[in-house]
Number of protein chains: 2
Amino acid sequence: MDEVGRDQGRDDVTEAFDDVVRLMIRHLADHGSLTFTAIMCLGRLYRDGPTRLTELAAVEGSSQPSTSQLVQRLERQGLVVRVRDPQDGRASLIALSDAGRTLVANRLRDRRDRLAELLATLSPEDDASLRLAMNVARPIIQRLIETARRSDKQARS
Amino acid sequence: MDEVGRDQGRDDVTEAFDDVVRLMIRHLADHGSLTFTAIMCLGRLYRDGPTRLTELAAVEGSSQPSTSQLVQRLERQGLVVRVRDPQDGRASLIALSDAGRTLVANRLRDRRDRLAELLATLSPEDDASLRLAMNVARPIIQRLIETARRSDKQARS
DNA sequence: CCATTTATATCACGAGTTTATGTAAAATTT
DNA sequence: AAATTTTACATAAACTCGTGATATAAATGG
């Protein structure tokens, strides 16, 4: 469009991130009957361990009612269990069931396998470049996530 | 079960991509009353221009009925318009309205701005590293998307 | 003991998904 | 040309998922 587009067109992290999102969402989804939301929730529990419903909603950036219903569905499917806190009659900890844990682990492996297949179609140079680039990028991205999370939390209060 | 924590030092493009997805979906969403699905659809039309409904569904990896309803909603909101093809009475081309195009352009700018704010919290070294890494990664990722799209298409036939 | 806060649930509703099916126009067959 | 099939899209039914508003029930603090 204008001259700004020239600078940003060559060096645009946003565009690259958008591409990643499209690749992951569109082509590496394979949510075998599971929704993106459900996957994200289970993945969160897998990484963070048992979590209170309200906190789960907060870290997933979703509303409490939405999370409440999601947990109920996942409970019906036998993927999570509730542990009522004896110290606090209101609260309950949401945790992965064995089935849930297995499912997440399998999914993670499947995703890795599928991405590996895709990476195998690249030239050895491209494959190496991408791996190197993403290994450089990852810790920095994680710092961005941390920063974003903090500013989200602040904006919410 | 196994040590997820040890993945940190490992070479795992999947994990890095997952981080990107979480960052973009969770923290850079700001879908001002617009859904992720709607955003994706409008973005597609912005990039590809007027598209038939069926093809739109295909490239977005969504069903035809789902896309049909989505387009109806977007039409109601004045973001897309239909142009019935005089050559083919069955088909209609879906295109962005002026309002839709403006909205997508603004959103893109906002996303860039917000990401720029986040990047500004990084050290100059990290910022430069991330930009460099993503500029290396992007064309390779685009090749992956192309490959994935072709194999998706083949699997569907 | 009563009021407030906190944790979760429920309700109403719209968006978005799927599969199955309907409709109408184009293409093909005979 | 008429009948059939295919193609492009719409509709229906049933579910997940999101929201805000509100209910319930337990902890907390006067």
Side-chain angles (χ1 to χ4, degrees), chain A residues 25-26 29-45 50-95 103 152-153 156-157, chain B residues 25-27 29-45 50-95 103 153 156-157:
Chain A
I25 301 289
R26 276 276 297 107
D30 185 35
H31 26 261
S33 80
L34 276 183
T35 316
F36 180 70
T37 310
I39 297 292
M40 292 292 276
C41 176
L42 295 174
R44 174 67 63 177
L45 292 174
T51 312
R52 285 198 175 187
L53 197 145
T54 306
E55 200 198 328
L56 190 57
V59 295
E60 283 297 302
S62 184
S63 71
Q64 174 267 313
S66 175
T67 306
S68 191
Q69 292 189 31
L70 173 60
V71 167
Q72 286 173 28
R73 282 190 296 271
L74 294 175
E75 208 178 1
R76 250 182 268 136
Q77 295 177 269
L79 297 175
V80 306
V81 291
R82 268 170 219 266
V83 186
R84 294 208 80 84
D85 188 341
Q87 312 302 315
D88 187 337
R90 302 164 299 176
S92 54
L93 286 176
I94 318 299
L103 186 144
D152 278 9
K153 189 168 286 182
R156 220 172 288 259
S157 61
Chain B
I25 302 289
R26 277 274 298 106
H27 303 288
D30 186 34
H31 27 259
S33 79
L34 276 183
T35 315
F36 180 69
T37 312
I39 297 291
M40 292 293 275
C41 176
L42 295 174
R44 174 67 64 176
L45 291 174
T51 312
R52 285 198 175 187
L53 196 146
T54 306
E55 201 198 328
L56 189 58
V59 295
E60 283 297 302
S62 184
S63 72
Q64 174 266 314
S66 175
T67 306
S68 191
Q69 293 190 33
L70 173 60
V71 167
Q72 285 173 31
R73 282 189 297 270
L74 294 175
E75 208 178 0
R76 251 182 268 136
Q77 296 177 267
L79 298 174
V80 306
V81 291
R82 270 169 217 267
V83 186
R84 295 207 79 84
D85 188 341
Q87 313 300 315
D88 187 337
R90 303 165 297 178
S92 54
L93 285 175
I94 318 298
L103 186 144
K153 190 169 286 183
R156 221 171 288 258
S157 62

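Numbered from 1 within each chain, the chains take letters A, B, ... in sequence-line order.
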Practice task
With sequence neighbours excluded, tell me which residues meet side chain to side chain donor-acceptor pair (under 3.5 Å) with S66(B).
Solution key: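 With sequence neighbours excluded, S66(B) shows a side chain to side chain donor-acceptor pair (under 3.5 Å) to S62(B), given in chain and number order.
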Fill in the blank from the handout: Winner on side-chain proximity to R52(A), out of dA8(D), dT18(C), dA7(C), is dA7(C)
Practice task
Side chain of T37(A) only, please: which of dT10(C), dG18(D), dT11(D) is the nearest?
Solution key: dG18(D)
Problem - Under 4.0 angstrom between T54(A) side-chain N/O and dA7(C) OP1 or OP2 - result: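 Checking T54(A) against dA7(C): no side-chain N or O falls below 4.0 Å of OP1 or OP2.
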Handout entry: Any T35(B) side-chain N or O less than 4.0 Å from OP1/OP2 of dC17(D)
Key =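 Answer is no, no contact under 4.0 Å.
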Exercise for the section: Scan residues 67-77 of chain A for pairs that pass side-chain hydrogen bond (donor to acceptor under 3.5 Å, both in side chains), counting only residues two or more places apart or in two chains. Expected result: E75(A)-R82(A)
Exercise for the section: Return the residues of residues 69-81 of chain B meeting this criterion: a heavy atom under 4.0 Å from some atom of DNA chain C. Order them by number, or give none. Expected result: Q69(B), L70(B), R73(B)
Exercise for the section: By nearest nucleotide on DNA chain C, pick out whichever of A91(A) and S66(A) is the more 5' one. Expected result: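 Counting from the 5' end, the first nearest nucleotide belongs to A91(A).
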Practice task
Encode nucleotides 25-30 of chain D as B, S and - characters from 5' to 3', where the letter depends on protein heavy atoms closer than 4.0 Å: B to the base, S only to sugar-phosphate, - to neither.
Solution key: -BS---
Handout entry: side-chain contact (heavy atoms from CB on, under 4.5 Å) between L34(B) and L103(B), worked out
Key = CA-CA 10 Å; L34(B) 276 183; L103(B) 186 144; 3.5 Å; yes
Atom-pair distance ([atom1] on [X]; [atom2] on [N]), nearest Å:
X	N	atom1	atom2	result
E55(B)	dT7(D)	CD	P	15 Å
I94(B)	dC9(D)	CD1	P	7 Å
I39(B)	dA15(C)	CD1	P	15 Å
L56(A)	dC17(D)	CG	P	13 Å

Practice task
Take the C1' atoms of the five end pairs on each side of the helix from dC1(C)-dG30(D) to dT30(C)-dA1(D), derive the two axes, and give their angle rounded to 10 degrees.
Solution key: 10°
Practice task
Can you run down the salt bridge (Lys or Arg N to Asp or Glu O under 4.0 Å) pairs that involve residues 51-68 of chain A, sequence neighbours left out, and say none if there aren't any?
Solution key: R44(A)-E60(A), R52(A)-D85(A), R52(A)-D88(A)
Exercise for the section: Report yes or no: is there a donor-acceptor pair, N or O only, under 3.5 Å between the side chain of Q64(A) and the base of dA9(C)? Expected result: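 Looking at the base of dA9(C), it does pair with a donor or acceptor on the side chain of Q64(A) (distance under 3.5 Å).
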Exercise for the section: Name the nucleic acid region contacted by S92(B), choosing base, sugar-phosphate or nothing; use a 4.0 angstrom heavy-atom cut-off, strictly under. Expected result: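 If one applies the 4.0 Å heavy-atom cut-off, S92(B) turns out to touch the sugar-phosphate alone, with no base involved.
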Problem - Sugar-phosphate, base or nothing in reach of R82(A), heavy atoms under 4.0 Å - result: sugar-phosphate
